[in-house]
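Data first, discussion second: the structure below is written as structure tokens.
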Amino acid sequence: MIRQAVLSDIPRLLDMGQRFADRAGLVDHVGYNPADMAETFRLMIEGHVIFIGEAGALGAMSGPHPFNYRHIIAQELFWWSEGREGLRLLAAFEDWARGRCHSIRMITLEAVEPDRTARIYERRGYQALERGFMKVL
């Protein structure tokens, strides 16, 4: 069952977050601090949205687009599924954003099947707009 996360879900989110960070290569670039992530999850649960299932989660924020404040955008921050509920997490997020936001921005990580993820997005009506890069200093 997919539902909005509550504060008591934070321990599960931390476990999934660690696995996500490891798989995505983020640990090598920025590290993974469980105390910071617990606070991030708390802030998102209280002020934005996280959807959680048995073996996955999708977290996002929404607010004015910096180029046009009248355009409200929902921005995915993470999407992780270790089972078969990834598309249901995405559908729950899209349903949540419908009526609240004018658009949704999704991302994909180079280390986590970007071509497959791009095909999923495109089948659902998303268009590629940019590609991000990171340099550790």
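Computation of the quantities below employed the complete heavy-atom set of this structure, encompassing side-chain atoms and omitting hydrogens, waters and symmetry-equivalent molecules. Given the structure is predicted, the values throughout are model-derived calculations rather than measurements.
- Summarising the geometry, atom CG belonging to D15 is positioned 12.5 Å from atom CD1 belonging to I10; distances are rounded to the nearest 0.5 Å.
- Under the rule for a ring pair (Phe, Tyr, Trp, His ring centres under 6.0 Å), F93 has no partner lying at least two apart in sequence or in another chain.
- By the ring pair (Phe, Tyr, Trp, His ring centres under 6.0 Å) test, F67 pairs with H65, sequence neighbours left out.
- Taking each heavy atom of S8 and P11 in turn, the nearest pair found is O-CD, 3.4 Å.
- Although no hydrogens or angles enter the test, the distance criterion places no donor-acceptor pair under 3.5 Å between the side chain of S62 and the main chain of A74.
- Here the CG-OG distance, from N68 to S103, works out to 10.0 Å after rounding to the nearest 0.5 Å.
- With sequence neighbours excluded, no residue forms a side-chain hydrogen bond (donor to acceptor under 3.5 Å, both in side chains) with R70.
- Rounding to the nearest 0.5 Å gives a distance of 4.5 Å between CG of L14 and OH of Y32.
- The pair R119-E122 does not count as a salt bridge, with every side-chain nitrogen at least 4.0 angstrom from each carboxylate oxygen.
- To the nearest 0.5 Å, atom CG of residue L109 and atom CE of residue M134 are 10.5 Å apart.
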Practice prompt. Begin from the C-alpha positions of L13 and I52 and carry the test side-chain contact (heavy atoms from CB on, under 4.5 Å) through to its verdict.
Written response: CA-CA 8 Å; L13 289 166; I52 191 166; 3.9 Å; yes

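- At a threshold of 4.5 Å between side-chain heavy atoms, the hydrophobic network of Ile, Leu, Val, Met, Phe, Trp and Tyr places F51 and M16 in two separate groups.
- With sequence neighbours left out, R124 forms a side-chain hydrogen bond (donor to acceptor under 3.5 Å, both in side chains) with E94.
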Fill in: side-chain contact (heavy atoms from CB on, under 4.5 Å) between I120 and L87, worked out
CA-CA 9 Å; I120 290 168; L87 290 178; 3.7 Å; yes

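- With hydrogens and angles disregarded, no donor-acceptor distance shorter than 3.5 Å links the side chain of Q4 to the backbone of I50.
- Checked for salt-bridge contact, R3 and D9 meet the test: a charged N lies under 4.0 Å from a carboxylate O.
- Note that the CD1 atom of I107 and the CG atom of L77 stand 7.0 Å from one another [nearest 0.5 Å].
- Using a 4.5 Å heavy-atom cutoff, the side chains of I73 and I104 are not in contact.
- Using a 4.5 Å heavy-atom threshold, the side chains of H48 and L43 count as separate.
- Every residue meeting the ring pair (Phe, Tyr, Trp, His ring centres under 6.0 Å) condition with H102, not counting sequence neighbours, appears here in chain and number order: H71.
- A salt bridge does not link D22 to R19: none of the charged side-chain nitrogens sits closer than 4.0 Å to a carboxylate oxygen.
- The backbone N or O of L58 lies less than 3.5 Å from no partner atom in the side chain of W80, so there is not a single donor-acceptor pair.
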Practice prompt. Check step by step if side-chain contact (heavy atoms from CB on, under 4.5 Å) holds for I72 and R100.
Written response: CA-CA 8 Å; I72 305 302; R100 286 184 170 90; 6.0 Å; no

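- Remark: the backbone N or O of W79 is paired with a side-chain donor or acceptor of E76 at under 3.5 angstrom.
- Under the 4.5 Å side-chain contact rule for hydrophobic residues, V49 and M44 do not share a cluster.
- The distance from atom OG1 of T108 to atom CZ of R131, rounded to the nearest 0.5 Å, is 10.0 Å.
- Residues passing the side-chain hydrogen bond (donor to acceptor under 3.5 Å, both in side chains) test with R105 are Q75, E130, sequence neighbours excluded.
- Judged purely by atom type and a 3.5 angstrom limit, R12 uses its side chain to pair as donor or acceptor with the backbone of G53.
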